[in-house]
Protein chains: 2
Amino acid sequence: MSDLLERLRGRGWRMTAQRRVVAEVLDGDHVHLTADEVHARAVAKLPEISRATVYNTLGEMVTLGEVIEVSTDRRAKRYDPNAHRPHHHLVCASCGTIRDVHPAGDPLADLPSDERFGFTVSNVEVTYRGICPNCAATT
Amino acid sequence: MSDLLERLRGRGWRMTAQRRVVAEVLDGDHVHLTADEVHARAVAKLPEISRATVYNTLGEMVTLGEVIEVSTDRRAKRYDPNAHRPHHHLVCASCGTIRDVHPAGDPLADLPSDERFGFTVSNVEVTYRGICPNCAATT
DNA sequence: TCCTACAATGGACATAGTCCAAGTCAAGTG
DNA sequence: CACTTGACTTGGACTATGTCCATTGTAGGA
């Protein structure tokens with residue numbers, strides 16, 4: 001069973017069939033589904049679940065900090081359940097495959113204060129782009 | 001006059017009033033307009049320019065590597081003409097203001113080869129998020 | 001078991017972006 | 001300078017993604 005589900009329950013989330021299904025769909029490493037993909041998989045388990053509910057639930061999970069929104073491509077936002085292990089993303093420019101990666105170093109520390117324009121900087125997102133072995137082989 | 005325009009002309013681009021206007025709109029530092037904003041400003045200079053042309057032109061500039069697409073928020077893509085000076089972005093989580101920043105260090109070098117999953121990594125995008133002084137003051 | 005506040009529904013609406021067939025025009029040629 | 005041609009522009013329809021809201025349903029406490 002999903003750690004995610006346990007954590008959500010622990011926060012006093014009202015547990016419904018719909019939320020359970022969404023949480024189950026979003027489980028594992030290297031998981032980066034779009035809202036529509038989440039909806040499609042949720043429908044497979046609970047046919048009457050609506051798109052709006054999936055959007056609402058994903059949004060709530062993001063607000064609670066249990067899921068991260070990633071927009072690696074120009075298309076839909078993707079949802080990454082691996083919120084509790086800081087990581088960044090490596091995206092194939094050709095097929096769109098996404099992998100979680102853990103670079104050395106701390107990019108936050110690399111931003112000198114005279115480059116902060118007075119901002120209070122709290123967060124950094126890094127997206128590496130390249131070609132995956134699969135796509136490199138087939139071209 | 002815009003360097004951007006000169007470079008485009010040098011690449012054998014057919015110069016039209018529409019393209020000139022789009023290139024003029026996209027000039028300067030810390031410029032990060034959405035396609036619609038570009039269109040709005042272009043219309044001010046050339047009332048009959050169409051949305052499709054703005055999208056086409058922006059897309060071509062991106063393909064030529066003269067302009068960078070940035071998707072810092074969940075909403076529209078933004079276009080950054082500063083493609084020839086490598087830089088990253090600092091975004092205010094509250095008002096959406098974007099600044100160009102130049103961190104120390106090279107994030108590309110920070111990705112160990114055993115974290116590359118066989119990808120040929122060519123590019124990295126870094127987005128810092130925080131609160132700008134303006135928003136910090138008014139809350 | 002009953003109540004009630006919170007959640008789900010689904011359909012209309014909003015926003016961003018793409019596509020296409022037809023018309024227009026930049027720029028090379030003679 | 002006029003001609004020609006293929007690249008460029010147009011505008012409107014279309015697609016994709018996401019949001020809103022009034023109504024209906026239900027989890028979980030009393």
Side-chain angles (χ1 to χ4, degrees), chain A residues 5-6 8-26 32-64 66-80 96, chain B residues 5-6 8-26 32-64 66-80 96:
Chain A
L5 247 181
E6 287 311 311
L8 294 171
R9 188 193 299 278
R11 292 185 185 226
W13 236 34
R14 189 155 143 183
M15 193 48 54
T16 67
Q18 292 83 351
R19 287 175 170 184
R20 190 181 348 265
V21 164
V22 171
E24 281 170 10
V25 166
L26 277 181
H32 310 90
L33 299 169
T34 64
D36 257 13
E37 285 163 356
V38 172
H39 180 233
R41 299 190 187 197
V43 162
K45 299 180 175 225
L46 186 67
E48 62 279 20
I49 193 171
S50 81
R51 254 166 35 91
T53 298
V54 170
Y55 276 98
N56 288 342
T57 306
L58 289 172
E60 284 154 14
M61 289 179 179
V62 170
T63 301
L64 292 175
E66 294 293 345
V67 163
I68 290 176
E69 256 180 21
V70 194
S71 30
T72 51
D73 61 5
R74 41 218 61 158
R75 326 191 95 213
K77 281 180 276 190
R78 292 177 176 277
Y79 293 88
D80 183 336
Chain B
L5 248 180
E6 287 310 311
L8 294 171
R9 188 193 299 277
R11 291 184 186 224
W13 238 33
R14 190 156 146 185
M15 193 47 54
T16 67
Q18 291 83 350
R19 286 175 170 184
R20 192 182 345 267
V21 164
V22 171
E24 280 170 10
V25 166
L26 277 181
H32 310 89
L33 300 169
T34 65
D36 258 14
E37 285 163 354
V38 172
H39 180 232
R41 298 191 187 198
V43 163
K45 299 180 177 225
L46 185 68
E48 62 277 20
I49 194 169
S50 81
R51 256 168 31 94
T53 298
V54 171
Y55 276 100
N56 289 340
T57 305
L58 290 171
E60 285 155 15
M61 288 179 179
V62 170
T63 301
L64 292 175
E66 293 294 344
V67 162
I68 290 174
E69 257 179 21
V70 194
S71 29
T72 50
D73 60 5
R74 42 216 62 154
R75 327 192 95 214
K77 282 180 275 189
R78 292 177 176 277
Y79 293 87
D80 182 337

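The chains referred to below are lettered A, B, ... by the order of the sequence lines, with proteins before strands, and numbering in each begins at 1. A quick note: this is a predicted structure, and the numbers were derived from the prediction, not measured.
Each of Asp36(B) and Ser50(A) lies near DNA chain C, and the nucleotide nearest Ser50(A) is the one positioned closer to the 5' end. When the nearest nucleotides of DNA chain D are assigned to Arg9(A) and Thr34(A) by heavy-atom distance, the more 5′-ward of the two goes with Thr34(A). For Asn56(B) and Ala17(A), each mapped to the nucleotide of DNA chain C holding its nearest heavy atom, the one lying further toward the 5' end belongs to Ala17(A).
Distance alone, capped at 3.5 Å, is enough to place a donor-acceptor pair between the Thr63(B) side chain and the Gly59(B) backbone. The backbone N or O of Arg14(B) sits less than 3.5 Å from a side-chain atom of Arg19(B), completing a donor-acceptor pair. Between the side chain of Arg11(A) and the main chain of Leu64(A), a donor-acceptor pair closer than 3.5 Å is present.
Rounding to whole angstrom units, NE2 of residue His39(B) and P of dT18(C) are separated by 15 Å. Atom CD of Glu48(A) and atom P of dG11(C) are 15 Å apart (whole Å). One can place CG of Leu46(B) at 12 Å from P of dC25(C), the figure rounded to the nearest angstrom. Nucleotide dT9(D) holds its P atom 12 Å from the CG atom of Leu58(B), rounded to whole Å. Counting to the nearest Å, the P atom of dG11(C) and the CD1 atom of Ile49(A) are 16 Å from each other. Rounded to an integer number of Å, the gap from CH2 of Trp13(A) to C1' of dT26(D) is 16 Å. Distance CZ (Arg75(B)) to P (dG18(D)): 13 Å, rounded to an integer number of Å. Distance Arg78(A) CZ to dT17(D) P: 10 Å, rounded to the nearest Å.
Comparing dA8(C), dA16(C), dG18(D) by their closest approach to the side chain of Gln18(A) singles out dA8(C). Picking from dC8(D), dA8(C), dA7(C) the nucleotide with the shortest atom distance to the side chain of Thr53(A) gives dA8(C). Closest approach to the Ala52(A) side chain among dT9(D), dG11(C), dG11(D) is made by dG11(C) (side chain taken as heavy atoms from C-beta onward). If you check dG11(C), dT26(D), dA8(C) against the side chain of Arg14(A), the one that comes closest is dT26(D).
Residue Thr57(B) holds its OG1 atom at 10.5 Å from NE2 of His39(B), rounded to the nearest 0.5 Å.
When the side-chain nitrogen and oxygen atoms of Tyr55(A) are compared with OP1 and OP2 of dT19(D), none of them lie within a distance under 4.0 Å.
Among the atoms of the strands shown, only primed sugar atoms or phosphate atoms (P, OP1, OP2) are found under 4.0 Å from some heavy atom of Arg19(A). Using a 4.0 Å heavy-atom cutoff across all strands shown, Thr16(B) reaches sugar-phosphate atoms only and no base atom.
Residue side chain Arg51(B) does not reach the base of dG11(D) through any donor-acceptor N/O pair under 3.5 Å, judged by distance alone.
With salt bridges taken as basic N to acidic carboxylate O contacts below 4.0 Å, none links Arg78(A) and Glu69(A).
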